Amino acid sequence: MPLRFFNTLTRQVEDFMPREAGKVRLYTCGPTVYNFAHIGNFRAYIFEDLLQRHLEYRGLKVDRVMNLTDVDDKTIRGCRACGMALADFTAPFKKAFFEDLDTLRIKRADHFPEATAPEHITRMIGMISTLIEKGHAYRAEDGSVYFRIRSFADYGKLAHFNPEELRDGVRVRNDEYEKENVGDFALWKAWDEADGDVGWESPWGRGRPGWHIECSAMATGILGPELDIHCGGEDNIFPHHEAEIAQSECVTGKKFVRLWMHCRHLQVEGSKMAKSAGNFFTLRDLMEKGWSGREVRYALISVKYREPLNFTFEGLAAARSALQRLDEWTTRLQELPKGASGENLMETGDAFGEALDDDLNISAALAVIFDMIRTTNRRMDEGTLTPGEAISLLKWVKGVNAVLGFEAEAGAVPAVVGELLARRAEARAAKEWKLSDTIRDEILATGWIVKDTKEGQKLTPAPRGGA
RNA sequence: GGCGGGGUAGCCAAGUGGUAAGGCACGGCUCUGCAAAAGCUGUAUUCGUCGGUUCGAUUCCGACCCUCGCCUCCA
């Protein structure tokens, strides 16, 4: 079965075939670094991570770009409010972003271009010049340059609406008289007071690039004029990606992107995440509440990317339980008495991968995992699972984790806990239950749960609160 | 007003023209000094409502109700 993905452009699930066999050119819209990213942003990045890892699981080489927008209205406003240089203001947020990616086990892209890098600014200016030459853009009185949407017949194709019929919105600003058409968007924004010392020289005077042209320049600059896949959150469909298509195709004359994939927004406890509603969370907020990056990852990845995801603490707790079950099963397999390897291997099949082939059907893929856990746990209870089968299963789950990234943290047991365990074992041998229970509490206080099994005491890391 | 996505057990959520995956929670059992943990196991005559097509619809068609999102710089 081939890989199949839903294409926002055609609104259909299509067979996926990269332009160059075996290689995927993937562009993913990254963060604007004016603040810490919130969990809604991370839903998009985790979806993209799942996509990349699955493509790689299928043997494709992925060349991925994720841009960092480090100049726009918000970053400028932020740096001016703090009285800092733009680069000094954005630096800590860039750093935090990469830390958060690690926390969530999101694989690094191959390139993280920054909009303010000189080579990209130069490229943007070059593209804008070409657009003006070809009649797709014009300079307004104040020195700003706008894209002329009437010059591009396909404008509106991605979002599936006619730009001429857009409702007059409250967002139409009163400086629109400078544009030929309210739908024309800025390629270059002329400097004004509010920009302070942020600005670059251009053939049209001092100013800064518009948001859309940043992505077009970085995408085509690094991946070439024709991308295989371009991803982002659904809110990027219009105007951002629509604008990217227009700019890029008018410059290169080639089809910019073959497959557009967008993930739905995240809701929190049933309503839109907003600071005013008190349900706005950054990853850091959740970490402080005691949730792990792996748990957040599970919660955000476990609902299909094309469905709205309602983020709740109940869902986070469900993620924790499900992961513990997976951990427990893996540990059981690892502890199965070792026998001759290479014998009685098990055919584990590829139902997991096939589920993901179908437009990243994560629910079906997770069901495959839990079915496997249940059936093999049953056999371990019966004592009929052979060491060879356990080896096969461990190999299988390793493949699963190459895509999902759910492997347990390698938490080393502190020496203190080891001593407590030894003392408790003595107490238990002497049937001093009271002492045994006291030590159990002491161990729990260090963050570990002791379980008494047939094979003796076993440790499990205790969740760090969070409920 | 335009365009689009949803409504499946307490919660989350797959799915198919032939009679409902999976996860969490909950109950039962096993294990255990007790507990915890873990494992097993049970739980939707039913898939928003009303019609239609069909031998048969949760799945196709129509109407309606509810809900969410986008409509110019928010992932």
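Note on naming: letters A, B, ... go to the chains in the order of the sequence lines (proteins, then strands), and numbering restarts at 1 for each one. Keep in mind that what you see is a predicted model, and the values were worked out from it rather than measured. Just so you know, these numbers use all the heavy atoms, side chains as well, and skip hydrogens, waters and symmetry mates.
Taking a pair to require two hydrogen-bonding distances under 3.5 Å in either a Watson-Crick or a G-U wobble arrangement, B:U59 remains unpaired. Across all strands shown, B:U19 has no partner, as no Watson-Crick or G-U wobble contact with both distances under 3.5 Å is found. B:C3: Watson-Crick or G-U partner is B:G69, with both key distances under 3.5 Å. The partner of B:U30 is B:A38, judged by Watson-Crick or G-U wobble contacts that both fall below 3.5 Å. When both distances must be under 3.5 Å, the Watson-Crick or G-U wobble mate of B:A44 does not exist.
For a distance-only test at 3.5 Å, the side chain of A:R306 fails to qualify as a donor-acceptor partner of the base of B:G5. Residue-to-nucleotide contacts include no donor-acceptor pair under 3.5 Å from the side chain of A:K74 to the base of B:C74. Judged by distance alone with a 3.5 Å cut-off, a donor-acceptor contact links the side chain of A:R440 to the base of B:A35.
Comparing the same atom, P, in B:A14 and in B:A21 gives a spacing of 15 Å after rounding to whole Å. Look at the P atom in both B:U43 and B:G28: the space between them is 16 Å, to the nearest Å. Separating the P atom of B:G69 from that of B:C29 is a span of 46 Å, rounded to the nearest Å.
Salt bridge status for A:R80 with A:E193: absent, with no side-chain N to carboxylate O gap under 4.0 Å.
Relative ring orientation between A:H262 and A:W260 is described as parallel, the plane-to-plane angle staying below 30° on a 0-90° scale split at 30° and 60°. The aromatic rings of A:H240 and A:W211 lie parallel to each other, their planes meeting at an angle below 30°, with 60° marking the opposite boundary. Taking the six-membered ring where tryptophan is involved, the planes of A:F47 and A:Y305 are essentially parallel, since the angle between them stays under 30° and well short of 60°.
Nearest nucleotide to the side chain of A:E307, out of B:A75, B:A35, B:G6: B:G6. The side chain of A:D235 approaches B:A75 more closely than any other nucleotide in the set B:A75, B:C11, B:G33. Between B:C24, B:A75, B:C12, one nucleotide has an atom nearer to the side chain of A:A318 than all others, and that is B:C24. Distances were taken from every side-chain heavy atom of A:A364 (C-beta onward) to each of B:A75, B:G10, B:A14; the shortest belongs to B:A14. Among the nucleotides B:A37, B:C68, B:C24, the one closest to the side chain of A:R325 is B:C24.
A distance cut-off of 5.5 Å between ring centres, combined with a plane angle under 30°, places A:H265 in a stacking arrangement with the base of B:A75. By the 5.5 angstrom centroid cut-off and the 30-degree plane limit, A:W433 is classified as stacked against the base of B:G33.
Comparing A:R11 and A:P31, the nucleotide of RNA chain B nearest to each residue sits closer to the 5' end for A:R11. Each of A:I39 and A:A367 was assigned the nucleotide of RNA chain B with the nearest heavy atom; the assignment lying further toward the 5' end belongs to A:A367.
With no hydrogens or angles considered, no side-chain donor-acceptor pair links A:D100 and A:Y45 at under 3.5 Å.
A:S436 has no side-chain polar atom (N or O) that falls below the 4.0 Å cut-off from OP1 or OP2 of B:C34.
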